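Shown next, in structure tokens, is the structure this report addresses.
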Amino acid sequence: MDVNVAAATVAALSGLAVGVAGTLAFRWSERALGNPGGQAAPTAGPVLPPGVAIVLSVLRSSAVVLDERDAVVKASSAAYTFGLVRGDQLVPEELLRMARETRRDGEIRQRDLLLARRDGQELEVSARVAPLGSRLVLLLVEDRTEARRVDAVRRDFVANVSHELKTPVGALSLLAEAVLDASDDPEAVRRFSGRMQVESARLTNLVQELIDLSRVQNDHPLQDIAPVPVDELVAEAVDRCRQVAQNKQITLGVGGDPGLVIPGDHNQLVMALGNLVENAVNYSPERTRVDIDVRVTGRKAVIAVSDQGIGIPHRDLDRIFERFYRVDPARSRATGGTGLGLSIVKHIVAGHGGEVTVRSLEGVGTTFTLVLPLLPADERGKLPDAASTMTKPGTPSASGGPSDLAPSYNSREGSG
């Protein structure tokens with residue numbers, strides 16, 4: 001009898017424990033669902049069709065799925081990044097209006113919109129809205145801000161090229177007519193012919209720099225990476241300006257740390273440094289000095305080109321690397337400048353993992369500084385020899401000038 005009572009008691013206690021556990025589990029689930037009052041559980045919301053979530057996760061566009069109450073059912077990470085979705089709500093009113101219109105008539109819509117971000121920036125987007133089943137609406141939003149900026153730059157570039165080409169071509173046409181009209185005046189023919197040579201040289205320089213700019217923009221400079229001695233770069237850059245510097249009695253000084261080696265494309269690096277040295281010589285008065293200083297800073301090679309020229313106004317410093325931008329258009333044309341040289345320098349240096357900076361004071365001078373990664377000594381033997389990628393002496397280099405080195409500039413000090 002006692003055994004039966006004990007068994008009954010154990011069974012009762014077990015049943016009570018199960019009941020208490022079940023009640024607690026029920027209450028806990030109600031709290032987790034936000035339904036502490038014990039009301040009837042709400043009906044399940046719309047369920048995404050099979051495979052939709054996977055497709056949305058791999059789309060490059062920002063994707064948002066809305067239900068019939070405009071609540072967000074699913075959103076890609078890009079939608080949150082761009083601030084299109086906060087919590088479970090779609091933020092831009094323009095997109096909400098498109099979604100409601102599509103839900104009402106079932107038609108697919110596509111519009112270009114300008115949306116404001118929380119950081120104050122504006123996004124140019126292409127939005128497409130389509131019904132997804134009977135209860136859901138799908139929004140795809142593609143950020144077109146960068147693409148529009150590139151299109152604007154391309155349009156400006158084409159317009160600038162057309163203008164720059166038209167100037168020397170028009171001048172050549174007028175000068176040719178003048179030569180014909182003055183065929184019986186030898187002095188006038190010589191004068192007009194000299195002007196034609198100047199305009200022809202300007203046109204040649206412009207076309208060459210357009211080719212150079214196209215090359216450095218389209219080619220990856222480090223595909224044929226090789227060790228490039230900085231001393232050779234400096235020697236070639238100085239050699240390109242030797243004649244002009246001698247004519248203006250400008251001294252070219254070279255100093256700093258010898259024996260540095262950087263990885264990259266030899267011809268492109270010569271083009272970049274050569275453009276800076278040429279600018280320094282062209283925009284410096286006679287009987288002044290241009291210095292090229294090479295130093296090591298950490299794991300970087302720092303190449304500074306300093307002149308005692310006219311300087312650059314502070315308001316123009318942020319724009320001098322833009323294509324066709326000239327601080328003084330009249331002086332640039334007088335020196336044969338096209339407004340492309342510094343843009344080429346910027347593209348080359350950026351492609352080599354470096355940067356270019358400028359400091360200038362009007363009437364005192366300007367210093368352009370190239371900062372490029374050094375090639376560690378233990379890695380130099382792992383790369384092809386730079387000589388195998390260099391232009392052979394006596395042949396045109398990528399910049400259109402001679403690439404053979406002048407022996408007089410192999411020292412650390414050279415005079416124009």
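Quick note: numbers below take in every heavy atom, side chains included, and nothing from hydrogens, waters or symmetry partners. Note that the structure is a prediction, hence the values are computed from the model and not measured.
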Check: Quick one: are N282 and V244 in side-chain contact, heavy atoms under 4.5 Å?
Finding: yes
Margin query: Treating K300 as the side-chain partner and L374 as the backbone partner, does any N or O pair qualify as donor plus acceptor under 3.5 Å?
Written below: no
Notebook entry, point to check: Which atoms form the tightest heavy-atom contact between A127 and L95, and what is the distance?
Noted result: CB-CD2, 3.6 Å
Notebook entry, point to check: Of all heavy-atom pairs between P227 and L375, which one has the smallest distance, and what is that distance?
Noted result: CB-CD2, 3.6 Å
Next item on the list: For S360 and I312, indicate whether the former's side chain and the latter's backbone hold a donor-acceptor pair under 3.5 Å.
Entry: yes
Item checked: Donor-acceptor contact below 3.5 Å, side chain T288 vs main chain I250 -> no
Notebook entry, point to check: Salt bridge check: are E94 and R97 linked by an N-O gap of less than 4.0 Å?
Noted result: no
Notebook entry, point to check: So, H352 and Q268: side-chain donor and acceptor under 3.5 Å apart, yes or no?
Noted result: no
Note to self: Do L317 and V358 make a side-chain contact, defined as non-hydrogen atoms from C-beta onward lying under 4.5 Å apart?
What the structure shows: yes
Checklist line | Evaluation steps, side chain to side chain contact (heavy atoms under 4.5 Å, CB included), between V137 and L132 | finding: CA-CA 5 Å; V137 176; L132 188 63; over 6 Å; no
Next item on the list: Hey, could you give me the CG/OG1 distance between D291 and T251, rounded to the nearest 0.5 Å?
Entry: 9.0 Å
Check: Can you check whether M196's main-chain N or O pairs, donor with acceptor, with S200's side chain at less than 3.5 Å?
Finding: no
Checklist line | Carboxylate-amine/guanidinium contact R195 E199, below 4.0 Å | finding: yes
Check: What pair of heavy atoms forms the shortest contact from R240 to M271, and how long is it?
Finding: NH1-CA, 3.6 Å
Check: Under the side chain to side chain contact (heavy atoms under 4.5 Å, CB included) test, which residues partner E362, sequence neighbours left out?
Finding: P313
Margin query: If I compare all heavy atoms of G259 with all of D231, which pair ends up nearest, and what's the gap?
Written below: N-OD2, 3.1 Å
Margin query: With rounding to the nearest 0.5 angstrom, report the SG to NZ distance, C241 to K248.
Written below: 10.5 Å
Next item on the list: Measure the OG1-CG distance between T366 and L361 for me, rounded to the nearest 0.5 Å.
Entry: 8.5 Å
Next item on the list: Tell me, with the steps shown, if M98 and L113 meet side chain to side chain contact (heavy atoms under 4.5 Å, CB included).
Entry: CA-CA 11 Å; M98 290 180 63; L113 302 172; 4.0 Å; yes
Next item on the list: Given side chain to side chain contact (heavy atoms under 4.5 Å, CB included), test V85 with V64 step by step and report yes or no.
Entry: CA-CA 8 Å; V85 176; V64 182; 3.7 Å; yes
Notebook entry, point to check: Would you find a donor on one side and an acceptor on the other, under 3.5 Å apart, between the side chain of D67 and the backbone of L136?
Noted result: no
Item checked: Minimum heavy-atom distance A99-L139, with the two atoms named -> CB-CD1, 4.3 Å
Check: OH/Y80 to OG/S62 distance, rounded to the nearest 0.5 angstrom?
Finding: 11.5 Å
Check: So with a 6.0 Å cut-off around CZ of R295, is the heavy-atom count from everything else above 12?
Finding: yes
Next item on the list: Kindly give the heavy-atom pair with the smallest separation between V356 and K346, and that separation in Å.
Entry: CG1-CA, 4.2 Å
Notebook entry, point to check: Testing V364, V281, V290 for side-chain contact (heavy atoms from CB on, under 4.5 Å) with D307, which one passes?
Noted result: V290
Next item on the list: Test side chain to side chain contact (heavy atoms under 4.5 Å, CB included) on L273 and V305 and set out the steps.
Entry: CA-CA 8 Å; L273 184 58; V305 180; 3.8 Å; yes
Note to self: So, taking the atom named CG in L96 and the one named CG in L66, what distance separates them when rounded to the nearest 0.5 Å?
What the structure shows: 7.0 Å
Note to self: Taking the side chain as everything from C-beta on, heavy atoms only, tell me whether I344 gets closer than 4.5 Å to N275.
What the structure shows: yes
Check: Just wondering, do D70 and L90 contact through their side chains at under 4.5 Å, heavy atoms?
Finding: no
Checklist line | Side chain to side chain, N279 and F368, heavy atoms closer than 4.5 Å | finding: no
Check: Between the side chain of Q308 and the main-chain N/O of R289, is any donor-acceptor distance below 3.5 Å?
Finding: yes
Next item on the list: Rounded to the nearest 0.5 Å, what's the gap from CG on L370 to CG on L233? Could you check?
Entry: 10.0 Å
Margin query: Can you confirm whether T369 sits close enough to I303 that some side-chain heavy atom of one is under 4.5 Å from a side-chain heavy atom of the other?
Written below: no
Note to self: I need the full list of salt bridge (Lys or Arg N to Asp or Glu O under 4.0 Å) pairs touching residues 105-115, with sequence neighbours left out, sorted by first then second residue.
What the structure shows: E101-R109, E101-R111, D105-R109, D112-R148
Note to self: So I292 and V234, do their side chains get closer than 4.5 Å, heavy atoms only?
What the structure shows: yes
Next item on the list: Starting from the C-alpha separation in whole Å, work towards a yes-or-no answer on salt bridge (Lys or Arg N to Asp or Glu O under 4.0 Å) for D316 and R319.
Entry: CA-CA 5 Å; D316 296 308; R319 300 193 59 189; over 6 Å; no
Check: Are any of the side-chain heavy atoms of S126 and Q110 separated by less than 4.5 Å?
Finding: yes
Checklist line | Pairing of R135 and E68 as salt bridge, 4.0 angstrom limit | finding: yes
